[in-house]
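Atom set for the values below is all heavy atoms of this structure, side chains included, hydrogens, waters and symmetry mates excluded. Computed from a predicted model, the values in this text were never measured in an experiment. Here, residue 1 is the first one in the sequence, and each next residue gets the next number.
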Amino acid sequence: MTETIPSPTEVTRQPSTGARLLAVANQKGGVGKTTTTVNLGAAAAEQGHRVLVVDLDPQGNASTGLGINPRTLEASMYDVLLRDVPMDDAIEAAAVRNLFLAPANLDLAGAEIELVPAFSREMRLKNALAKVSDDYDLVLIDCPPSLGLLTVNALAAADEVLVPIQCEYYALEGLGQLLRNVDLVQRNLNAELHLSHIVLVMYDARTNLASQVAAEVREHFGDLVCRTVIPRTVRLSEAPSFGQPITVFDTASRGALAYRDLAREIAGEPRPR
């Protein structure tokens with residue numbers, strides 16, 4: 001660990017009741033945020049929950065990973081945040097039953113700058129979601145790999161923060177700053193926000209490093225770390241290029257089984273025997 005990470009007790013609160021809004025965040029890129037958002041959402045939808053995935057990353061990987069072509073969108077999250085287009089007008093149905101997507105494209109890349117002078121700039125997403133969130137059981141917000149205004153909008157709108165951590169060197173790099181930002185948003189914009197789950201991803205059981213990283217994360221964060229661990233698999237990496245979540249692309253694969261277990265764990269449901 002290269003930085004001092006705040007104790008999780010400093011940034012957590014008791015979960016609130018009602019519809020769940022989770023921001024999937026980690027300022028590092030390539031740590032499985034989008035993979036976790038898409039596949040957790042698909043697994044939860046498969047289990048009967050009505051799920052909305054909100055793509056806040058200008059790369060639009062959650063959108064393409066669910067089979068949506070960003071070049072053909074009539075409305076995207078850029079229009080919702082900057083042009084006051086109703087969220088309902090941007091939401092698309094995914095191929096998975098009960099799963100819906102508020103997509104993003106490269107237009108969103110300019111939103112960080114364009115939001116600066118905007119009225120109520122930190123609350124744009126919260127206000128947009130307030131009009132549709134009652135239609136869903138779970139809202140998952142895929143954050144960009146930065147701590148700019150798009151991520152602040154996600155944290156201001158969410159009730160919970162879910163942090164994927166890869167089981168590799170420098171796994172906790174930057175996490176301290178993310179938790180400090182969660183604390184700042186909690187104190188200034190969203191008193192209900194709390195760190196609720198840390199998910200270990202890209203776990204390679206063949207290496208000592210993966211088990212060492214997992215042990216270090218569990219030692220520091222305790223019960224905030226999910227029991228379910230997401231393995232590193234080729235099939236998980238291949239699924240997005242086919243525009244499908246792993247639960248559809250390879251329904252019996254280790255990755256699909258792991259995300260189903262994760263969905264049950266986050267929902268507080270027991271695993272099937």
Find out if a path of hydrophobic residues (ILVMFWY) with successive side-chain heavy-atom gaps under 4.5 Å connects L21 to V152.
no

How would you list, by chain and number, every residue that makes a side-chain contact (heavy atoms from CB on, under 4.5 Å) with T64, sequence neighbours excluded?
N61, P70

Counting N and O atoms only, with roles assigned by atom type, does the side chain of T228 sit under 3.5 Å from a partner on the main chain of A258, one being a donor and the other an acceptor?
no

Rounded to the nearest 0.5 Å, what separates atom CG in L162 from atom CG in L40?
7.0 Å

Taking R20 for its side chain and D159 for its backbone only, find out whether a donor-acceptor pair lies under 3.5 Å.
no

Heavy atoms, side chains only, cut-off 4.5 Å: are N39 and L236 in contact?
yes

Examine L66 and V139 and state if one hydrophobic cluster contains both, with Ile, Leu, Val, Met, Phe, Trp and Tyr joined whenever side-chain heavy atoms are less than 4.5 Å apart.
no

Closer than 3.5 angstrom, by distance alone: can the side chain of D55 be matched with the main-chain N or O of S63 as a donor-acceptor pair?
yes

Is there a donor-acceptor pair under 3.5 Å between the side chain of E160 and the backbone N or O of L22?
no

Keeping E265 on the side-chain end and C226 on the backbone end, is there a donor-acceptor pair under 3.5 Å?
no

Answer with yes or no whether the side chains of T36 and Y259 bring together a donor and an acceptor at under 3.5 Å.
yes

Shared hydrophobic cluster for L108 and L129 (ILVMFWY, side-chain gaps under 4.5 Å)
yes

Testing the basics here: between L178 and A25, what is the closest heavy-atom pair and its distance to 0.1 Å?
CD2-O, 3.7 Å

Main chain of L195, side chain of H197: is a donor-acceptor contact present, judged purely on distance under 3.5 Å?
no

side-chain contact (heavy atoms from CB on, under 4.5 Å) against A45, all qualifying residues, sequence neighbours excluded
V51, V96, N98, L99

Can you tell if the side chain of N127 reaches within under 4.5 Å of the side chain of S120, non-hydrogen atoms only?
yes

For L106, the rest of its hydrophobic cluster, which grows through side-chain links under 4.5 angstrom:
none

Is a side-chain N or O of Q27 found less than 3.5 angstrom from the main chain of Q177, in a donor-acceptor match?
no

A23 to A154 - nearest heavy-atom pair and separation
CB-O, 4.2 Å

Mind listing the closest non-hydrogen atom pair of E238 and F242 along with its distance?
O-CD1, 3.4 Å

Restricting to side-chain contact (heavy atoms from CB on, under 4.5 Å), what partner residues turn up for T207, sequence neighbours left out?
D204, L209, A210

Report yes if the side chains of S237 and T35 come closer than 4.5 Å at any heavy-atom pair, otherwise no.
no

Sequence neighbours left out, what pairs pass salt bridge (charged side-chain N to carboxylate O under 4.0 Å, His left out) with at least one residue falling in residues 116-134?
D84-R124

Testing the basics here: between R254 and P231, what is the closest heavy-atom pair and its distance to 0.1 Å?
NH1-CB, 3.4 Å

Can you give each donor-acceptor pair under 3.5 Å made by side-chain atoms of residues 244-252, sequence neighbours left out, with the distance rounded to 0.1 Å?
{"from": "D250", "atom 1": "OD2", "to": "R235", "atom 2": "NE", "distance (Å)": "2.9"}
{"from": "T251", "atom 1": "OG1", "to": "T247", "atom 2": "O", "distance (Å)": "3.2"}
{"from": "T251", "atom 1": "OG1", "to": "R260", "atom 2": "NH2", "distance (Å)": "2.7"}

Can you pull out every salt bridge (charged side-chain N to carboxylate O under 4.0 Å, His left out) where at least one residue sits in residues 87-103? Sequence neighbours excluded, please.
none

Quick one: ring pair (Phe, Tyr, Trp, His ring centres under 6.0 Å) pairs with a partner in residues 91-116, sequence neighbours left out?
F100-Y136

Identify the residue among I165, N26, V163, V201 that makes a side chain to side chain contact (heavy atoms under 4.5 Å, CB included) with V31.
N26

Interatomic distance, CZ@R218 vs CG@L224, rounded to 0.5 Å, equals 11.5 Å

Distance-only, no hydrogens or angles: does the N153 side chain make a donor-acceptor pair with backbone N or O of L125 under 3.5 Å?
yes

When you look at CG of N188, are more than 12 heavy atoms from neighbouring residues, nucleotides or ligands closer to it than 6.0 Å?
yes

Would you call R264 and D261 a salt bridge, taking side-chain N to carboxylate O under 4.0 Å as the test?
yes

Could you pull out the closest heavy-atom pair between L200 and C167, with the gap in Å?
CB-SG, 3.9 Å

I'd like to know if L155 and I198 are part of one continuous hydrophobic network [Ile/Leu/Val/Met/Phe/Trp/Tyr, side-chain heavy atoms within less than 4.5 Å].
yes

Apart from I113 itself, its cluster of hydrophobic side chains linked below 4.5 Å comprises none

Which residues pass the side chain to side chain donor-acceptor pair (under 3.5 Å) test with T34, not counting sequence neighbours?
D142

Spacing of L149 atom CG and E112 atom CD [to the nearest 0.5 Å]:
5.5 Å

Hphob cluster co-occupancy, L150 + V24, side-chain heavy atoms under 4.5 angstrom
no

Would you list the pairs meeting ring pair (Phe, Tyr, Trp, His ring centres under 6.0 Å) in which at least one residue belongs to residues 110-129, sequence neighbours left out?
none

Going by the rule side-chain contact (heavy atoms from CB on, under 4.5 Å), which residues pair with S76 if we only count those two or more places apart in sequence or in a different chain?
L73, Y78, D79, N105

Contact summary for P86 and V80, nearest pair of heavy atoms
O-CG2, 4.3 Å

